[in-house]
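Structure first, then comments.
As the structure lists them, so they are numbered: ligands from 1, and atoms in each ligand from 1.
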Amino acid sequence: MNRRHFLSRAGSAIGLSTLSPRLALAAAPARPRVLEARKATAPLMGAAAPPTAVWAYDGQVPGPVIRTKQGEELRLRFANRLGQPSTVHWHGIRIDNAMDGVAGLTQAAVPPGESFDYVFTPPDAGTFWYHPHNRTWEQMARGLYGLLIVEETEAPAVDRDLALAFDDWRLGEDGQIDEASLGQMRDWSHAGRLGNWLTVNGVSQPEIALRKGERLRLRLANCCNARVLSLRLDGHAAWLVALDGQPIAPYQPEDGVVTLAPAQRADLIVDAVLEPGARPAILEVGGDYAVETAVLVYRPEVVARAALLPPPAALPDNPLPRALDLGSALRQELLMEGGAMGRMAGARHKGRHMGMRELVGQGMVWAFNGTAGMTEAPLLRVERGRTAVIEMINDTAWPHALHLHGHHFRVVERDGRALSGEPWRDTVLLQRDEKASIAFLADNPGKWMLHCHMLEHQAAGMATWIEVAG
Ligand code: C2O
Ligand code: CU
């Protein structure tokens with residue numbers, strides 16, 4: 001992060017009119033029938049600066065927050081008004097395979113001018129999101145993403161439910177997306193495309209009004225192409241209640257820091273305990289110095305409470321598998337290689353072995369099990385109902401955020417240490433040279449991608465798929 005986060009100090013206030021959850025719900029289009037991807041502009045640098053040309057869902061960055069109810073059918077017509085083919089992937093939803101939105105695997109990309117109907121019933125309540133799954137590295141860098149919130153049938157009692165989508169943009173001095181650097185091999189072989197301008201819900205350092213005495217649910221989503229975020233809310237002891245959409249036993253992280261790899265989400269319960277006039281920030285503390293991503297602004301009014309609020313209860317369980325039978329699990333190794341400062345000398349691509357120089361010419365610099373990019377045959381074929389374990393070995397000098405489609409998994413081993421009771425996740429962060437084994441019940445038939453969610457790594461080879469048969 002550099003000083004460019006501070007180019008504009010003028011945050012835009014999220015006013016008191018949004019204080020009532022009922023009012024906010026009434027005002028927002030709860031279920032847009034059509035989700036249109038098109039060119040638009042967004043005031044990323046603040047209202048006083050010229051707007052940034054973006055690609056956006058329904059003309060807004062992020063796209064509209066889609067709210068639906070657990071177990072209710074959602075119907076969305078995706079209309080592609082972009083100049084290139086696209087799809088919509090519903091990240092983290094344990095969805096019917098045909099609705100997963102992966103171009104070339106579960107559907108053909110939707111050409112410009114055409115549309116595709118997505119119809120699905122989310123089994124899990126929680127914080128999810130949506131984004132394209134065709135040239136994702138470019139389409140997301142240009143602004144195509146949004147949050148998908150699946151409400152519990154019995155939602156926890158909070159005064160407000162705030163969803164915050166974090167994104168880092170790479171902007172030039174003119175405030176426009178740095179297009180020349182899109183597809184730059186230097187990013188692809190290193191950490192991925194890291195931005196120089198951080199936004200929360202499309203605004204740099206927004207001010208979020210709240211009142212002493214309120215209880216908030218904060219939904220944080222890392223929508224960056226490649227940046228890992230370490231977030232901490234100043235002045236409050238927040239309870240972590242869900243990760244990647246799935247409830248956990250609530251606890252307060254010791255140092256207050258929630259680390260989110262690209263694509264990961266966290267739900268927090270926060271009691272507003274400061275005095276009117278206080279301005280605590282949500283800080284990003286992963287870099288050399290803390291960056292204010294958003295500021296909570298305490299209003300003069302306070303909410304009177306008869307008694308101190310008790311610690312939050314756990315969110316209601318989602319219908320996840322009861323048990324993972326590790327003893328009889330099908331095991332598959334996944335060796336991650338390549339990238340700058342790596343040892344990879346070559347890999348298979350397009351059906352034959354290529355040396356590093358030739359691979360780079362193909363835009364490939366990473367490999368899974370010696371192969372760069374998608375293959376005809378899946379990495380793993382597993383019968384429905386069986387537990388599978390994928391033993392991931394990060395033999396690279398970079399962190400990676402591995403995402404499995406269609407299933408949530410648990411990390412059952414890290415660096416040779418067996419773990420139990422780890423949270424259900426859809427994305428796991430592996431540090432350089434780290435090993436982690438994930439286990440999941442293969443209960444959702446179809447073809448499911450497994451890839452690094454650092455989108456440049458995905459595009460440059462870190463992508464494969466598994467098949468659940470039956
Ligand atoms: Cu967020 Cu393959 O997806
Ligand atoms: Cu990666």
Short N/O/S contact of His133 with atom 2 (Cu) of ligand 1 (below 2.8 Å):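 Checking atom 2 (Cu) of ligand 1 against His133, an N, O or S atom does fall under 2.8 Å.
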
N/O/S from His405 sitting under 2.8 Å away from atom 2 (Cu) of ligand 1: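 It does: His405 brings an N, O or S atom closer than 2.8 Å to atom 2 (Cu) of ligand 1.
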
Test side chain to side chain contact (heavy atoms under 4.5 Å, CB included) applied to Thr87 and Val102, step by step: CA-CA 7 Å; Thr87 60; Val102 178; over 6 Å; no

Lys/Arg cation over aromatic Trp55: Arg142, 6.0 Å, 45° cone: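 Verdict for Trp55: a cation-pi partner in Arg142.
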
Going by distance alone, is a donor N or O of one side chain under 3.5 Å from an acceptor N or O of the other, for His91 and Asp426?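 Judged by distance alone, the side chains do pair up.
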
Can a donor-acceptor pair be found between the side chains of Thr371 and Arg348 at a distance below 3.5 Å?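 No pair is found: no donor N or O on one side chain lies under 3.5 Å from an acceptor on the other.
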
Would you name the N/O/S atom of His451 that lies closest to atom 2 (Cu) of ligand 1?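 Checking each N, O and S atom of His451, the shortest distance to atom 2 (Cu) of ligand 1 belongs to NE2.
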
His405 and His451 aromatic ring geometry - parallel, tilted or perpendicular at 30°/60° bounds: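 The arrangement is perpendicular - the two ring planes meet at more than 60°.
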
Rounded to 10 degrees, the angle ND1 of His91 makes with NE2 of His453 at atom 1 (Cu) of ligand 1: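 Result: 100°, to 10°.
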
Metal-centred angle, the Cu ion (ligand 2) as apex - ND1 of His400, ND1 of His457, 10° resolution: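 The ND1/ND1 angle about the Cu ion (ligand 2) sits at 100°.
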
Whether His453 has an N, O or S atom under 2.8 Å from the Cu ion (ligand 2):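 No, His453 does not qualify, because none of its backbone or side-chain N, O or S atoms lies under 2.8 Å.
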
